[in-house]
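Worth knowing before you read on, the calculation uses all heavy atoms, side chains too, and leaves out hydrogens, waters and symmetry mates.
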Amino acid sequence: QVHLAESGGDSVQAGGSLRLSCVTSEWLPCMGWFRQAPGKEREEIAIIPSAGTTFYTESVRGRFTISKDDAKNTLWLEMNSLKTEDNGTYYCAATRRYVWMRGKSSCGLEASLYDFWGQGTQVTVSS
């Protein structure tokens, strides 16, 4: 069982910044951040594989950065230029499963592929 614990959510004004952290009990091949807004499905925000290219969803590309600190067992999500549409609960997730994509094994983007989840941390952006 992998344990994930997020923190760092807060209320900020549009244009502000936040850094979310996720402490993990172990590193899995695919780890990432997902967001769920009220009344909407959980969506992928950023995925970082143990090897390969980091993925960002189009709406956050250039504003958010996912990174990890192996020594601290911590996954980060740096969020800049926050917008009201970034509102939601942010979840850290992990999986050992790969999907076959573009001719190679890759980390999937769908939330259903991720087996371990944190409790979530709330981000509120006001205009």
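- In this view, Glu43 and Arg35 satisfy the salt bridge (Lys or Arg N to Asp or Glu O under 4.0 Å) rule, not counting sequence neighbours.
- Counting only heavy atoms from C-beta outward, the side chains of Phe55 and Cys107 never approach each other to under 4.5 Å.
- Between the side chains of Ser127 and Thr84, no donor N or O sits under 3.5 Å from an acceptor N or O.
- Arg96 pairs by the salt bridge (Lys or Arg N to Asp or Glu O under 4.0 Å) definition with Glu26, not counting sequence neighbours.
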From CA spacing to verdict: side chain to side chain donor-acceptor pair (under 3.5 Å), Ser17, Asn80: CA-CA 4 Å; Ser17 298; Asn80 298 312; 2.9 Å; yes
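- The shortest side-chain heavy-atom distance between Cys30 and Tyr114 falls under the 4.5 Å cut-off.
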message: Between Thr57 and Glu44, does the side chain to side chain donor-acceptor pair (under 3.5 Å) criterion hold? Intermediate values first, please.
response: CA-CA 7 Å; Thr57 197; Glu44 70 282 0; 4.5 Å; no
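- Remark: Trp117 pairs with Phe34 by the ring-ring contact (aromatic ring centres under 6.0 Å, His included) rule, at least two apart or across chains.
- Within the structure, every pair that satisfies the salt bridge (Lys or Arg N to Asp or Glu O under 4.0 Å) test and touches residues 99-116, not counting sequence neighbours, is listed here: Arg97-Asp115.
- For residues 47-68, the pairs satisfying salt bridge (Lys or Arg N to Asp or Glu O under 4.0 Å) are Glu58-Arg61, Arg63-Asp86, with sequence neighbours left out.
- Apart from Ile45 itself, the hydrophobic cluster it occupies contains Val2, Leu4, Val12, Leu18, Leu20, Trp27, Leu28, Met31, Trp33, Ile48, Tyr56, Val60, Phe64, Ile66, Leu75, Leu77, Met79, Leu82, Tyr90, Phe116, Val123, Val125, where clustering links Ile, Leu, Val, Met, Phe, Trp and Tyr at side-chain heavy-atom distances under 4.5 Å.
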- request: Would you sort out whether Ser7 and Ser21 count as a side chain to side chain donor-acceptor pair (under 3.5 Å), showing the intermediate values?
  value: CA-CA 5 Å; Ser7 62; Ser21 63; 2.9 Å; yes
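- Atom CD of Gln13 has 12 or fewer heavy atoms from other residues, nucleotides or ligands within 6.0 Å.
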